[in-house]
Amino acid sequence: MLLRYPSYYKRFSCIAERCEDTCCAGWEIDIDDDSYEYYMGIEGEFGERLRRNIQEYPSDGEDVYEAHGFVLKEDKRCPFLDNKGLCELYRELGEDALCDVCTDTPRNFLEYGGAREISISAACAEAGRLIYGEAGKITFVEEEVSGEFDWEEREEEKCFAHQIRIARDWAVHILQNRKLSIERRISAFLSFAEEVQMCLNENEPEKIEKISWDKYLQYPACKEEECYRKTALESQQYEMFLRRMVTFTRLDSVNEEWEEMLQQMQKVFVGHTEGGSSEGCGSQPALVYIQGLQRLKEELADQARLYEYEHLMVYYVFTCQARCVDDYDFIGKAKLAVVSFLMIRDMDALRFVVKGSYEKEDRIDIARIYAREVEHSEENLEFLADEFLFEEVYRTDSLQKAL
């Protein structure tokens with residue numbers, strides 16, 4: 001079978017207790033059926049402790065991902081995570097005893113079109129250091145490996161997967177076209193995604209490979225449009241930020257870092273705390289926000305680090321875009337990438353305004369906080385997908401103006 005992954009993937013290795021965060025806290029830890037059966041047969045005191053810390057998830061009759069999981073501590077930490085950040089289950093039973101989610105995290109897998117694609121999540125700081133570590137364009141490796149899938153695709157599924165793969169790869173080319181600013185590339189990517197979605201809506205996916213995608217590599221802006229964009233930046237960008245904030249404050253909070261980030265953003269960029277009192281910005285929070293974005297961009301340009309936003313977009317497009325093989329929602333996946341860019345850019349600007357600087361470790365940290373909140377919560381992803389469908393601020397033209 002084919003294996004496809006970013007070129008940095010094989011350099012990833014968990015740094016365990018040296019990590020500033022842990023994958024073993026903050027979200028549910030599901031146990032696959034094979035591991036559950038194995039855990040039920042472990043003898044001795046550790047086996048008893050293991051079984052005391054396993055729960056069966058309630059079911060309403062619908063299909064569930066896994067039926068069992070670990071009972072987390074009050075601080076949402078795994079009961080087998082010791083005070084040094086090491087796994088007691090690994091220590092007692094060995095690496096092979098880990099359940100699938102513990103073995104795989106922070107890897108993401110997608111199987112389609114006769115291939116398995118693997119990426120690593122920016123929710124892991126060490127993965128983030130690889131994703132954002134080098135200025136060169138991210139490249140991808142495809143290799144033939146032994147093994148077969150335990151499923152078989154119909155011919156029409158293979159053809160559809162092929163078209164989606166073409167569209168996803170073209171999207172990466174558009175985003176890596178360094179002749180244009182990152183904002184112009186993202187705008188072009190959104191227009192391209194709309195054209196792909198039209199093919200899907202008309203049930204003619206075969207038309208995707210006939211799209212003249214090279215026009216999106218040029219995508220020039222006329223003088224009238226540039227003047228409009230400047231006006232839009234000054235008059236609409238802040239309003240769009242406020243509307244994004246409404247969306248993201250309604251997400252199911254996964255960790256305290258996210259909550260603290262939102263509270264600080266309310267204080268600095270909105271001008272009030274959660275209780276409603278005005279603080280921090282006086283009467284000019286919009287100016288603080290706009291100037292924060294502008295000064296951050298200048299800082300990143302001076303450090304030759306604007307490529308990080310390209311890597312951010314390529315990361316989301318590779319990880320998420322082809323998942324539309326299941327729901328035909330190519331534009332929805334594109335909007336997730338763009339809105340993630342906008343929200344992370346907001347968080348970057350906040351960090352820069354508060355600190356007065358923005359280092360590489362700030363990039364890793366912001367990407368980690370966002371990914372933990374959004375990427376690994378099905379509830380939050382479903383909520384955002386609904387927002388993208390029905391809220392005017394997430395229309396393609398609105399997102400293009402927000403850039």
All side-chain contact (heavy atoms from CB on, under 4.5 Å) counterparts of T103, not counting sequence neighbours:
L98

Take atom CD of E204 as the centre, draw a 6.0 Å sphere, and report whether it contains more than 12 heavy atoms from other residues, nucleotides or ligands.
yes

Residues which pass side-chain contact (heavy atoms from CB on, under 4.5 Å) with I364, listed by chain and number, not counting sequence neighbours
A125, R129, Y132, E361

For E143, is the CD atom crowded, meaning more than 12 foreign heavy atoms sit under 6.0 Å from it?
yes

Within a radius of less than 6.0 Å around NZ of K179, do more than 12 heavy atoms belonging to other residues, nucleotides or ligands occur?
no

Give me each pair satisfying salt bridge (Lys or Arg N to Asp or Glu O under 4.0 Å) with a member in residues 379-388, each pair once, sequence neighbours excluded.
R250-E387

Partners passing side-chain contact (heavy atoms from CB on, under 4.5 Å) against L287 (at least two apart in sequence or in another chain)
Q284, Q291

Residue pairs fulfilling salt bridge (Lys or Arg N to Asp or Glu O under 4.0 Å) with at least one residue in residues 191-201, sequence neighbours excluded
E195-K215

So which heavy atom on M265 is nearest to which on M347, and how close?
CE-CG, 3.6 Å

Side chain to side chain contact (heavy atoms under 4.5 Å, CB included) with R168: of R323, Q163, E117, K333, only one passes, and it is E117

Any ring pair (Phe, Tyr, Trp, His ring centres under 6.0 Å) involving residues 177-198? Give me the pairs, sequence neighbours left out, ordered by first then second residue.
F192-Y216

For Q400, which of L190, I186, V338 qualifies under side chain to side chain contact (heavy atoms under 4.5 Å, CB included)?
L190

